[in-house]
Amino acid sequence: MRVSRLLGRTLRQEPGEAETPSHRLMLKAGLVQQVAAGVYSYLPLAWRSLRKIEQIIREEMDAAGGQEVMMPVLQPIEMWEETDRRRAFGPILFTVTDRKDHVLCLGPTHEEVVTHLVRRHVQSYRDLPLRIYQIQNKFRDEPRPRGGLMRAREFAMKDLYSFDADEAGLEDSYQAMMAAYYRIFQRCGLQAIAVEADSGAIGGKESHEYMVVAESGENDVIFCGSCDYAANVERAQSVKPPLPVETPLPLEPVSTPGMKTISEVAGFLGIPRSRTLKAVFYMADGNLVFVVIRGDLEVNEVKLKNALHCFDLRLATDPEVAAAGLVAGFASPIGLKGVRVIADDSIQLGSNFVVGANRPDTHLRNANYPRDFSVDQILDIAIAQPGHPCPRCGGDLRGTRGIEVGHVFKLGTFFSERLGALFLDREGTQRPVIMGCYGIGVGRLLASAIEAQHDDKGIIWPVSIAPYHIYLCPLNLDQPPVREAAESLYQELTTNGAEVLYDDRSESPGVKFNDADLLGMPLRLTVSPRTLRQGVVEVQSRRDGQRDYLPRENIAQQLQARLRALSSGPGTSQP
RNA sequence: CGGGGCGUAGCGCAGUGGCUAGCGCGCUUGGUUCGGGACCAAGAGGUCGGCAGUUCGAAUCUGCCCGCCCCGACCA
């Protein structure tokens, strides 16, 4: 491809819109163009790269027994009502009304449709397992699209759906997908780690997310420095630092004028925060919930939401708290009636806590569970924090940010039961198919690759997903010998199957070199009066900047060898 | 949805009531340059986000609306 003909120009100035490196670079390099918030056109370079990523995914899905299909974007809303996911998705769902006033939605994902697709074809255990996948655009009306392709409203996604006859089959499918994901991310030159993930409200016992570690990531990941434990903070567990168990002392009120927060109370009384119990109030689908947790810990709202099995969870407002007869800042589980109380199990790790007295300016000392109060549920609803011991090995937990590029999920029978995807097993018993789903955000993967591999000059593409492999960069093109040498190199390389982006513009060297760095193809070939005099071709590697001079003969073969050597990139780690 | 910011040429921005709306980059033409974003000269390019209002006069003031960015909430 000739740069002079290529759609998309590089920008000299930093685009004002963009914040995250990948977004900025994609705009600056002319890879994408925004059409609306979270909606993008992909220019030829980005599209080539996306297609390469898709091809890698396709090969690995096919190798893992997947069959590719195409499913509709438009989906009747009734399907989403059958599974109650219209409510679960809420305003995220894009809906349209047709001329007959029939409501349809733009598919944000395809569990309903694929289950509908498969159920007619699966009648017997002999029809299973089945692994069906698609690579298509999906639509989610995100409250806040951000970071360019990181979180878009229209985005390309690969989803594979597995259908198995039993749990063992599901486990096979799950393992096959995890193995495939390992290869996919490795082939894309991405270091992705599998972390335990929240399985959400729907079905699923087990779920892993694949994270690319990056500052700009939207997810907090907790991992162990000693063993291979890693989890999204939404799910992560930790060993809560224990406190010495003391002999329970009698409850006693203590005056705490104006001390409303845990740190104020702890500071005022001269005790560590871990010697207090914190009360936090939530509204769960309209009902007030009283949450108790040890003062040095924070409430994990995902864990709480899972414990409550509710759709909508938010902090309660002060009037809502007061309406329940509670005194914010001094609320207490002691003597509480008519409010659901959920406790973190940390309230059992310690004794003689300070709690609110449910009277202004007063707390109580020496509160002990269960002597002084009762709760409706007690379980782990705390945020695991860096520095806590690992729940597996006791090592130190650490934290990082990650971009979620993939998600594998054991769905179970949620969809098959509701949509009637049933089969007869060996004994002739009718059972729902056991499902799994396995997604990869294609555009997000592209953005992550740039996020993970760039420098202050531009993108550094891994060979496997680079739009082109070679940036042919002649200088002083107006000199006929240079022009002729460049044209003949371009011809020779392309005839030998090399992917060459040929900068045939009459720009000055500085412009060309800067664009070469910005666009980030793995190898830059420089042709100039100087190299011609020496009878060589200059090759520079984008990744390490190393420059070599190669003889003109068999140049295509020499470059192929270099690209092969460059292709051994970083890998991924398995859980 | 809460908070903050922005909307003027393809891109980045200046212009707080006054005459014909500017600068840099990019673009066009001619010339000189040529190994890390060259230089000279001449040009083209604008419903100032939209609508309504105030005014002799609005990019500028007021109201409403729309769009975009960032932080938070949210994200089976």
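Per chain, numbering begins at 1; letters A, B, ... match sequence-line order.
- Not counting sequence neighbours, the partners of A/R151 by the salt bridge (charged side-chain N to carboxylate O under 4.0 Å, His left out) test are A/E142, A/E218.
- Nucleotide B/U54 has no partner under the Watson-Crick or G-U criteria, as no pair reaches both atom distances under 3.5 Å.
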Using a 4.0 Å heavy-atom cut-off, write out nucleotides 32-44 of chain B from 5' to 3' as B (base contacted by protein), S (sugar-phosphate only) or - (no contact).
--BBBBS------

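- Pairing partner, B/G43: B/C27, with both Watson-Crick or wobble hydrogen-bond distances short of 3.5 Å.
- Using Watson-Crick or G-U wobble geometry with both donor-acceptor distances under 3.5 Å, B/A14 finds no partner in any strand shown.
- A donor atom on one side chain and an acceptor atom on the other are not found under 3.5 Å apart for A/H110 and A/Y161.
- A/N306 has its CG atom 11 Å from the P atom of B/A76, to the nearest Å.
- Partners of A/N514 according to the side chain to side chain donor-acceptor pair (under 3.5 Å) rule, which considers only residues two or more places apart in sequence or in another chain, do not exist here.
- Under the side chain to side chain donor-acceptor pair (under 3.5 Å) criterion, A/Q377 pairs with A/R340, sequence neighbours left out.
- Remark: A/K28 pairs with A/L11, A/E14, A/P15, A/L518 by the side-chain contact (heavy atoms from CB on, under 4.5 Å) rule, at least two apart or across chains.
- For B/G12, its base never sits under 3.5 Å from the side chain of A/E14 at any donor and acceptor pair.
- If you check B/A76 for Watson-Crick or wobble pairing at under 3.5 angstrom, you find it has no partner at all.
- Base pairing of B/C6 is made with B/G67, judged by Watson-Crick or G-U wobble geometry with both donor-acceptor distances under 3.5 Å.
- As rounded to the nearest Å, B/C51 and B/U60 have P atoms that lie 12 Å from one another.
- Legend: residues meeting side chain to side chain donor-acceptor pair (under 3.5 Å) with A/E507, ordered by chain and number and at least two apart, are absent.
- Remark: A/W80 pairs with A/Q75 by the side chain to side chain donor-acceptor pair (under 3.5 Å) rule, at least two apart or across chains.
- Residues satisfying the salt bridge (charged side-chain N to carboxylate O under 4.0 Å, His left out) test with A/R431, not counting sequence neighbours, are A/D425.
- A/Q175 and A/S173 form no side-chain donor-acceptor contact under 3.5 Å, judged by distance and modelled atom types alone.
- Legend: residues meeting ring pair (Phe, Tyr, Trp, His ring centres under 6.0 Å) with A/F281, ordered by chain and number and at least two apart, are A/F290.
- The aromatic rings of A/F409 and A/H407 are tilted relative to each other, their planes meeting at an angle between 30° and 60°.
- Side-chain N/O atoms of A/K305 include one lying less than 4.0 angstrom from OP1 or OP2 on B/C75.
- Taking a pair to require two hydrogen-bonding distances under 3.5 Å in either a Watson-Crick or a G-U wobble arrangement, B/A59 remains unpaired.
- At a cut-off of 3.5 angstrom, counting only N and O atoms as typed in the model, there is no donor on one side facing an acceptor on the other between the side-chain of A/R314 and the base of B/C74.
- Annotation: B/G46 and B/G31 have their P atoms spaced 28 Å apart (nearest Å).
- Nucleotide B/G67 holds its P atom 11 Å from the CG atom of A/D141, rounded to whole Å.
- Within residues 282-291 of chain A, no residue has any heavy atom under 4.0 Å from RNA chain B.
- Atom CG of A/N300 and atom P of B/C75 are 12 Å apart (whole Å).
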I'd like a list of close polar pairs between nucleotides 68-72 of chain B and the protein, N/O only, cut-off under 3.5 Å.
unit_1 : atom_1 : unit_2 : atom_2 : d
B/C68  : OP1    : A/A37  : N      : 2.7
B/C68  : O3'    : A/Q34  : NE2    : 3.3
B/C68  : O2'    : A/E17  : OE2    : 3.3
B/C69  : OP1    : A/Q34  : NE2    : 3.0
B/C71  : OP2    : A/R144 : NH1    : 2.9
B/C71  : OP2    : A/R144 : NH2    : 2.7

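- The salt bridge (charged side-chain N to carboxylate O under 4.0 Å, His left out) check on A/E82 picks up nothing, with sequence neighbours excluded.
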